[in-house]
Visitor: 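What follows is a single structure, and I will ask about it in a moment.
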Amino acid sequence: MDAISKFPHWRRDLTASLVVFLVALPLCVGVAVASGVPAELGLVTGIVGGLVTGFLPGSSLQVSGPAAGLTVLVLGAVDTYGLPVLGVIVLAAGLLQLGMGALGLGRWFRAISLSVVEGMLAGIGLVLIAGQLYSTAGLEAPASGLDKITGLPGAAADVLGSTEALTSLALGAGTIVVMVLWKRLPERIRTVPGALAAVGVATAVTAVLGLSVATVEVNGLLDSIQPPGADAFGELADVGLLGTIVAFTLIASAESLFSAAAVDRLHDGPRTEYDKELMAQGVGNSVCGLLGALPMTAVIVRSSANVGAGARTKASRVLHGVWLLLFAALLPSTLALIPLPALAGILVHAGWKLIPFRGIVSLWRGHRGEALILAVTAVSIVVVNMFEGVLIGLALSVAKTAWEASHLRLEIVDKGAGPVQAHLSGNATFLRLPKLLESLEALPQDRPVELDLSGLHHLDHACRTALENWAERHSAAGTVPVKVTAPAEATA
């Protein structure tokens with residue numbers, strides 16, 4: 001009775017932990033394979049997300065592990081620097097997250113434009129889908145995001161000429177179909193997560209029909225864990241590597257904290273403490289880095305499954321890490337039965353869900369500027385890379401905000417006789433200066449002009465100087481000089 005009274009929600013948390021485990025298992029393996037690392041490293045990150053981050057304060061119900069959203073970035077880092085350096089990148093990103101959380105910067109991630117975040121996810125989704133379409137057919141994907149997309153027609157031609165490729169593609173497509181149709185089945189059947197069911201069906205079909213498709217390569221859990229050595233830490237002198245670390249840090253942090261905000265809307269329990277959650281993610285990533293594993297983020301798919309299964313405390317996410325550890329320790333050989341096209345199909349489905357189709361339509365109807373930012377961010381990630389694409393989106397968002405904040409109205413009153421009156425109201429910044437000067441310079445120079453600035457809320461230095469210069473040179477000889485009424489802020 002004492003144990004039951006101490007843990008009143010243990011039944012719900014236990015059930016939820018099993019559901020999250022079944023959701024996380026295929027995703028951990030699939031993200032690892034798509035990232036170009038041993039499958040076991042995805043399980044390691046999931047285990048750390050449960051047993052380390054799961055214990056820490058921040059958000060009580062969201063679940064951490066390897067995320068599809070970082071797959072593109074990890075694959076590029078592994079291709080460029082090699083697997084041993086991945087641990088250094090993840091460790092450094094984790095330490096940066098710890099520092100940002102300690103400095104109270106976690107809450108500031110909530111200030112990032114939603115259009116930039118959704119554009120980032122859409123860009124990641126497009127690159128992920130394009131890259132995994134090659135994997136469903138057993139082909140090697142090009143390196144860059146743009147090449148992945150432009151190379152699809154040629155890849156389709158190659159597939160049509162190969163029986164093995166067609167078989168592999170059919171298996172991957174079947175996996176996607178199972179996941180899409182799974183939601184329409186009776187609720188009793190849907191207690192098994194769709195991703196796990198799809199992998200199970202694909203594995204069974206491969207075994208029964210004896211299909212010749214690639215399967216997961218198994219190295220063993222302990223053999224896959226390779227802490228970074230001194231040579232790997234020496235790569236920190238590379239400026240490009242430092243940029244990659246910053247990209248990992250910002251994207252992983254933003255994804256985790258936006259996931260926390262979304263999870264908070266799903267339950268009525270304790271709200272997320274953003275700085276503590278950022279530090280929890282930092283601790284988890286630091287441990288993953290020391291083990292040479294994948295980076296972690298809070299994952300909305302697992303987190304929503306956790307809440308939906310009735311979890312009440314953080315015990316559910318800790319227990320899901322226990323089940324992942326037991327599976328990796330006792331049943332690692334079963335991974336070798338999983339066909340790679342099935343995992344690729346799961347990630348194509350995950351990439352599709354990253355693209356906010358409904359959000360794009362609603363933004364276009366009501367806020368076309370925000371829709372443009374979303375689209376430019378996504379396209380930039382595809383064409384350039386993840387880090388620079390996000391920076392382009394952020395720059396556009398700041399420029400749009402500055403433009404809208406500098407709303408300025410010029411009203412000209414000319415009664416035909418007497419002085420011409422020009423009234424300025426709003427915010428006069430350098431962004432509006434060209435059009436403002438053009439309007440003022442069109443005023444007649446042989447008439448007295450009264451420039452009233454009392455309606456301005458803000459007048460920056462560039463505008464003030466430009467208006468003073470205009471007033472000095474505007475009036476023709478023999479005409480009364482321009483009379484300027486100072487803005488309210490100057491009067492005060």
Visitor: Using only atom types and a distance under 3.5 Å, with no angle test, would you say the side chain of Tyr134 pairs donor to acceptor with the backbone of Leu152?
Guide: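 Such a contact is found between Tyr134 side chain and Leu152 backbone.
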
Visitor: Keeping to residues at least two apart or across chains, list the side chain to side chain donor-acceptor pair (under 3.5 Å) pairs with something in residues 48-66.
Guide: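 Residue pairs passing side chain to side chain donor-acceptor pair (under 3.5 Å), neighbours aside: Ser59-Thr272, Gln62-Ser259, Gln62-Glu277, Ser64-Gln281.
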
Visitor: With Glu273, which residues qualify under salt bridge (Lys or Arg N to Asp or Glu O under 4.0 Å), at least two apart?
Guide: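 Here the qualifying residues are Lys276.
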
Visitor: Any donor and acceptor pair, going by atom type alone, linking the side chain of Thr45 with main-chain N or O of Leu294 inside 3.5 Å?
Guide: yes

Visitor: State, to 0.1 Å, how close Val218 and Ala336 come at their nearest heavy-atom pair, and which atoms those are.
Guide: CG2-N, 3.4 Å

Visitor: Judged by atom type as modelled, is there a donor-acceptor pair below 3.5 Å linking the side chain of Ser253 to the main-chain atoms of Leu250?
Guide: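 Looks like no, no N/O pair under 3.5 Å.
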
Visitor: Quick check against the 3.5 Å criterion: does Thr313 have a side-chain atom that pairs as donor or acceptor with the backbone of Ala315?
Guide: yes

Visitor: Test your reading of the model: is there a side-chain donor-acceptor pair from Asn285 to the backbone of Pro295, 3.5 Å cut-off?
Guide: no

Visitor: Spell out, as yes or no, whether a donor-acceptor pair under 3.5 Å connects the side chain of Asn306 to the backbone of Val20.
Guide: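 No; zero donor-acceptor contacts below 3.5 Å.
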
Visitor: Given 3.5 Å as the limit, does a donor-acceptor pair link the side chain of Ser303 with the main chain of Val63, or not?
Guide: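 Present.
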
Visitor: Minimum heavy-atom separation for Phe233 and Pro228, please, with both atom names.
Guide: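 Scanning both residues completely, I find the closest heavy atoms to be CE1-O, 3.7 Å.
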
Visitor: Before you tell me yes or no, could you show the steps for Val390 and Ile381 under side chain to side chain contact (heavy atoms under 4.5 Å, CB included), namely the whole-Å CA-CA distance, both residues' side-chain angles and the distance that decides it to 0.1 Å?
Guide: CA-CA 7 Å; Val390 172; Ile381 288 173; 4.3 Å; yes

Visitor: Short question: side chain of Thr206, backbone of Ala202 - any donor-acceptor pair under 3.5 Å?
Guide: yes

Visitor: Kindly determine whether Glu370 and Lys400 satisfy side chain to side chain contact (heavy atoms under 4.5 Å, CB included), including the steps that lead there.
Guide: CA-CA 9 Å; Glu370 295 295 328; Lys400 175 180 175 293; 3.0 Å; yes

Visitor: Please report the closest heavy-atom contact between Ser135 and Ala344, naming both atoms and the distance.
Guide: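 Between these two residues, the closest heavy atoms are CB-CB, 3.7 Å.
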
Visitor: Taking all heavy atoms of Ala67 and all of Glu255, pick out the closest pair and write down the distance.
Guide: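 Heavy-atom minimum between the residues: CB-OE2, 3.6 Å.
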
Visitor: Has the side chain of Ser256 got a donor or acceptor atom that lies under 3.5 Å from a matching backbone atom of Ala252?
Guide: yes

Visitor: Would you say the side chain of Trp182 lies within less than 4.5 Å of the side chain of Ile189, judging by non-hydrogen atoms?
Guide: yes

Visitor: Is the backbone N or O of Asp13 less than 3.5 Å from a side-chain atom of Arg312, with the two atoms forming a donor-acceptor pair by type?
Guide: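 Absent.
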
